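Each remark here refers to the structure printed beneath this line.
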Amino acid sequence: MRKVAIVAAASRQEEKMLDTEVEMMIPLISEVKAKTGLDQTEIGFTCSGSSDFLAGQAFSFVMTLDAVGPVPPISESHVEMDGAWALYETWVKFQMGIIDTALVYSYGKPSPGSLQDVLSTQLDPYYVAPLWPDAHAVAGLQARTLLEQGIINVDQLADCAVRAGTVESREEYFSQPMLSDPLRKADCPTYADGGVAMILAAEGKAEELCEKPAWITGIDHRIDVHHFGVRDFTTVPSARIAAEKAGVHDGPIDIAELHAAYTTHDLLLRKEMGLPETPNHSQRSYPIKADTLMASGLLRIAEAARAIWEGDANRALAHATAGPLLQQNLICVLSGEDT
Amino acid sequence: MTDVNVPSSLDGVEPVQSVRTPIRMEYTFTPGVAAQTYLREFGNKKILGNVSPIDGAILVPPRGADPRHGALCEEFVEMPHTGHIGSYCVTNVPIPGRDLDLPYISAWIFLDGADVGFLNLVAECPPEECRIGMRVEAVWKPDEEIGMTAENILYWKPSGGPDIPFAEAGVRGWHARKQGETNA
Amino acid sequence: MESHERLSAPLVLEYPFTRTTGPVIGAFLTGLRERIVLGIKRKDGTVLVPPTEYDPATSEALTEMVEVEQTGEVITWTWVQEPRDQSPWDRPHALAMIKLDGADTPLLHAVLVDSPETLDTGTRVRIKWREETEGHIKDIEGFLPVESKND
Amino acid sequence: MGTGGELAAVVGVGMTKFSATRGDVSMPGLVREAAQRALEDAGMQWDDIDAVVMGKAPDFFEGVMMPEIFLSEALGCVGKPMLRVHTAGSVGGSTALVAASLVHSGVHERVLTVAWEKQSESNAMWALSLKQPFQVSINAGAGGYFSPIIRQYMEVTQAPELIGCMVAFKDRQHALLNPYAHLHQPDLTFDQVVESPMLWEPIRYSETCPSSDGAAAMVIVNEAEADKAENPAWIHAGAMRSEANNFPGRDEVNPLASRECAADLWKQAGITNPREEIDVVEMYVPFSWYEPMWLESLGFCERGDGWKLVESGVTHIEGGDLPVNCSGGVLSSNPIGASGMIRFAEAALQVRGMAGDHQVTGAKKAMGHAYGGGAQYFAMWVVGQDKPAA
């Protein structure tokens with residue numbers, strides 16, 4: 001496989017943003033271009049991820065394309081997925097050998113809409129969506145199974161909430177009422193508007209653009225079954241396969257940036273991927289505190305890259321998820337060492 | 001299609017073939033930074049354009065961005081209420097949610113001095129008299145109905161005066177002006 | 001930036017989607033309208049409720065539909081204290097995965113109890129049908145515990 | 001040269017019957033029908049597929065957010081990678097190109113790609129006219145958007161008024177040769193096309209596309225796999241381009257993104273004279289006038305001459321030397337998200353000699369074309385009977 005690295009990233013998250021998607025993305029895209037000195041005409045491929053449902057408008061990504069400055073025209077694509085999958089599509093383009101640089105971005109603005117209603121429309125449209133279960137309830141169903149089968153315990157939930165910063169202490173955690181029994185508010189995500197942009201470059205170019213490129217040593221993504229009745233709530237086979245294919249176990253992981261919006265997801269993912277509950281370094285930020293649908297996964301990859309640029313990690317794992325009950329998962333392993 | 005075997009208890013029963021699953025989602029929209037500024041002034045019967053920080057091109061309505069460069073546009077300029085038709089469509093199909101007499105004319109309006117157009121209604125003009133390059137002016141709602149919405153201008157009507165030649169009308173105007181600058 | 005209040009306006013996206021069901025989902029919904037519950041048999045003899053058109057593991061088309069019982073067991077549950085606007089239920093209730101007798105997989109629905117204290121994993125429940133059934137997952141109004149907590 | 005990386009080819013094509021409402025199937029049933037046919041054509045089982053790439057236009061059409069998530073099992077994708085592409089109307093083409101890239105890159109050997117739309121679940125006019133508050137421009141639907149562009153084309157080229165009707169009549173005739181086409185109008189006359197109501201002047205009712213349910217699928221494989229197949233359609237070139245929707249000086253009649261995408265495509269395919277070297281074209285023509293417009297933009301003729309090709313019958317399957325949309329095109333079947341992939345898949349069928357009654361005899365090289373947004377997103381490919389020259 002051709003060596004590809006992340007050489008620049010910029011991101012922003014706020015609870016509620018006044019800027020349009022274009023106004024939000026321009027400074028971020030400008031920043032990564034400035035960091036690398038690349039002009040849009042020097043970028044081989046551009047790819048983004050976003051959701052029309054979140055934006056409340058069909059073809060919403062068309063207007064956001066203005067943020068890139070696609071004049072003259074660019075080679076470009078868009079996934080109706082988290083930006084982490086836009087990065088995957090881009091990585092594949094690098095493997096074709098037809099590009100040396102790429103721009104990847106994604107964004108989400110949940111604040112204008114009712115995110116729980118939006119998320120309900122992602123569920124089986126015949127049997128489940130008409131009952132409008134919200135994301136917290138779906139997570140609650142899984143959480144009870146995990147607790148009652150002894151796969152995780154409530155103390156672990158409390159400790160995870162403390163790590164994520166949704167509460168200060170176990171005591172504070174246990175003093176919270178149930179939100180979606182057995183989950184408390186501290187177990188569940190707070191949503192944020194936000195976006196992320198990054199530049200990727202192939203070996204030979206990456207070293208010119210970045211002092212310490214964050215090399216992608218492995219990347220893979222998989223999807224599980226959707227039908228709730230068939231899902232085993234205690235496992236995430238897709239994450240396990242993706243982790244293996246991405247070579248997670250080929251060396252020590254210094255930092256794991258997980259797109260876990262619930263404490264239960266965090267603990268279950270670590271278990272499935274054989275990661276210690278507390279890594280050597282904590283995550284740089286937690287989706288439980290600020291989850292930006294469609295961008296959270298790409299943001300994890302940006303954070304993992306930052307950990308490498310800043311010397312916090314030699315080898316970092318980033319994870320993205322989509323769908324209910326961690327149905328679809330992407331794992332990306334980054335390394336600071338030019339292996 | 002695969003044949004499905006169902007228990008005999010459903011023999012002779014009219015099968016369900018479709019199901020209604022209504023969806024309702026509520027959003028609360030706030031216009032972006034540039035649109036906020038635009039709408040406030042629009043509520044004062046002023047039309048603002050964005051000025052590109054790159055080459056001074058004027059973009060109406062302002063969206064806070066110059067799409068050619070991916071650049072933020074933070075400068076505004078007040079525009080005249082007159083312009084011309086870049087191109088147009090005579091429509092005989094109703095727009096869902098809008099009560100318009102058919103046929104109606106929708107046209108790309110290029111304000112005088114603007115470098116891009118926007119789609120809007122043209123009226124007080126028989127369809128057969130509408131032309132690319134025809135000069136138009138804004139017809140505003142009565143003052144008491146003007147607010148910070150996008151709908152303060154009811155439509156555009158012919159304002160008289162000589163047409164803009166086809167070669168300079170609409171998007172061609174930009175190239176004509178650039179050509180003029182090069183020659184000058 | 002001037003210190004005006006932000007402009008804002010509502011947008012409601014609303015549509016009565018009509019979904020054609022195909023034979024399997026259609027048969028399940030027909031069953032609900034007739035107040036019976038159908039599952040679909042996999043090659044290994046296990047029964048999926050609600051039925052899927054294609055085997056989740058092997059992707060082969062499934063065709064053999066069978067009736068299952070209207071009683072079953074709560075596999076897992078969560079409590080909904082404040083139902084959202086679109087919810088079919090306007091009172092606090094449990095959402096649960098319920099495995100019907102004769103089925104091998106659970107379905108998602110509500111258990112209509114007044115407080116979370118009255119519900120456990122393993123609680124036996126039975127279907128409460130809506131008065132008018134039309135061929136919709138909501139023909140099941142919810143599930144009720146079969147025996148009271150005091151038994 | 002070429003697409004970069006490894007060779008790839010289409011060895012399986014599957015399509016559903018297209019119709020206003022496919023009342024006999026669910027959404028899983030619809031995508032499955034196309035995918036199953038593609039697999040059967042390729043002689044493969046579900047287990048043979050490494051990954052699935054799905055394309056679809058706005059999720060509002062069906063009211064399911066990211067529906068690939070619930071369609072995982074219907075497409076045999078459990079435990080495999082699934083990608084979901086959305087690039088407006090060009091999406092069916094872009095999706096095929098993303099699927100091809102998974103093979104060109106060497107990441108996968110056998111990829112299933114599916115594009116679909118089930119427009120009957122809602123109403124296209126509703127889904128496309130969702131009006132955000134504070135929006136300045138009026139939204140008169142796709143016809144209202146493209147009509148002013150077509151008007152300028154007519155003005156620039158001075159094309160005769162009935163060229164659009166000729167395209168529409170031709171595509172509806174072609175549709176009679178394609179059992180999957182949505183519109184089958186055996187009794188339609190040219191005069192009826194001309195006399196059909198003017199909807200978005202200069203666009204008549206008969207010059208517009210229908211709203212359809214349907215899906216298209218392809219199996220794309222690497223060279224080793226394709227060598228085992230009887231009649232693979234080798235991918236000679238693939239290109240995508242996008243430009244902004246509205247900017248100073250934008251040529252909306254003949255967008256630069258279209259011209260540059262085509263130039264890249266011909267270069268990759270080693271084609272210097274498309275008119276001579278391409279045997280058949282499946283072009284995205286949702287409004288009849290776009291046939292002459294794209295003929296010019298893609299370099300099949302000089303600017304201003306597109307309508308002359310139409311007028312002289314060059315694009316007709318009977319007697320034309322550059323038949324366009326032998327399947328009946330978007331004007332005869334339009335499940336929006338699938339429409340681009342149908343173009344790509346039809347091109348593959350032609351060079352495989354499997355297009356049935358609408359087969360162009362001896363077609364060796366074919367172009368598939370799709371566009372979207374405000375004519376600003378483009379996806380194109382060239383497929384051939386022979387392996388691309390090294």
Side-chain angles (χ1 to χ4, degrees), chain B residues 1-2 17-18 21-23 27-32 35-36 38-39 42 52 55 57-61 66-68 85-93 95-98 103-104 106-108 114-121 127 132 148-151 153 166 169-175 178, chain D residues 21-26 29 32-33 36 60 62-65 120-123 125-141 143-153 155-156 197-205 208 243-253:
Chain B
M1 203 174 80
T2 40
Q17 291 180 319
S18 68
T21 58
I23 283 177
Y27 299 78
T28 304
F29 268 97
T30 53
Q36 294 261 353
Y38 170 78
L39 289 164
F42 203 42
S52 168
D55 62 0
I58 293 173
L59 310 165
V60 188
D66 180 342
R68 296 167 302 164
I85 289 177
S87 189
Y88 66 98
C89 170
V90 180
T91 299
N92 291 290
V93 191
I95 308 179
R98 273 194 85 156
Y104 65 87
S106 58
W108 283 94
D115 292 303
V116 294
F118 51 89
L119 264 179
N120 228 306
L121 290 177
I132 291 176
M148 283 179 249
T149 78
E151 278 107 33
I153 292 177
F166 180 82
V171 287
R172 288 167 297 276
W174 170 261
H175 297 292
K178 288 285 138 191
Chain D
T21 304
R22 280 295 307 269
D24 57 330
V25 289
S26 62
R32 174 79 172 205
E33 187 176 309
Q36 183 83 50
F60 286 110
E62 293 83 9
V64 183
M65 179 182 180
S120 67
E121 307 259 317
S122 72
N123 170 308
M125 279 297 271
W126 173 81
L128 295 179
S129 306
L130 303 174
K131 185 187 181 302
Q132 288 202 324
F134 308 115
Q135 196 168 283
V136 174
S137 281
I138 61 159
N139 187 340
Y145 186 88
F146 290 113
S147 149
I149 300 176
I150 291 168
R151 185 182 292 281
Q152 292 177 82
Y153 171 77
E155 181 76 29
V156 171
M198 199 57 101
L199 299 188
W200 294 280
E201 195 189 326
I203 304 173
R204 291 168 178 79
Y205 171 75
T208 66
E243 69 182 30
N245 181 268
N246 187 10
F247 58 89
R250 175 171 187 236
D251 187 344
E252 48 194 338
V253 176

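These numbers come from a predicted model, not from an experiment. Letters A, B, ... are given to chains in the order of the sequence lines, protein chains preceding strands, and every chain is numbered from 1.
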Report the C-alpha separation of D:V156 and B:F166 in whole Å, then their side-chain angles, then the decisive distance to 0.1 Å, and conclude whether the side-chain contact (heavy atoms from CB on, under 4.5 Å) test is met. CA-CA 9 Å; D:V156 171; B:F166 180 82; 3.6 Å; yes
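- With values rounded to the nearest 0.5 angstrom, D:D251 atom CG is found 15.0 Å from B:W174 atom CH2.
- Among all heavy-atom pairs drawn from B:P67 and D:A244, the shortest one is CB-CB, 3.7 Å.
- With a threshold of 4.5 angstrom between heavy atoms, B:T91 approaches chain D through its backbone and through its side chain.
- Heavy atoms of B:A57 lying under 4.5 Å from chain D belong exclusively to its side chain.
- Minimum heavy-atom separation, B:C89 to D:R151: CA-NH2, 4.5 Å.
- By the side chain to side chain contact (heavy atoms under 4.5 Å, CB included) test, B:A114 pairs with B:V60, B:M79, B:L111, sequence neighbours left out.
- Remark: B:N92 CG to D:Y205 OH distance equals 14.5 Å, nearest 0.5 Å.
- In this structure, the separation between CD on D:E243 and CZ on B:R68 is 13.0 Å, given to the nearest 0.5 Å.
- With chain B as the partner, the residue from D:P248, D:S147, D:G249 showing the most heavy-atom pairs under 4.5 Å is D:P248.
- Note: D:E155 leads D:E155, D:Q36, D:R32 in heavy-atom pairs under 4.5 Å with chain B.
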Test D:M65 against B:I23 for side-chain contact (heavy atoms from CB on, under 4.5 Å), laying out the working first. CA-CA 12 Å; D:M65 179 182 180; B:I23 283 177; over 6 Å; no
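- Looking at B:F29, the atoms closer than 4.5 Å to chain D (heavy atoms on both sides) sit in the backbone and in the side chain alike.
- Considering every non-hydrogen atom in both D:Y145 and B:L119, the closest pair reads CD1-CD1, 4.4 Å.
- The salt bridge (Lys or Arg N to Asp or Glu O under 4.0 Å) test applied to B:D115 returns B:R177, not counting sequence neighbours.
- Panel note: side chain D:R250, backbone B:V171; no donor-acceptor pair is recorded below 3.5 Å.
- Taking CD from D:Q152 and CH2 from B:W108, the interatomic distance works out to 10.0 Å, rounded to the nearest 0.5 Å.
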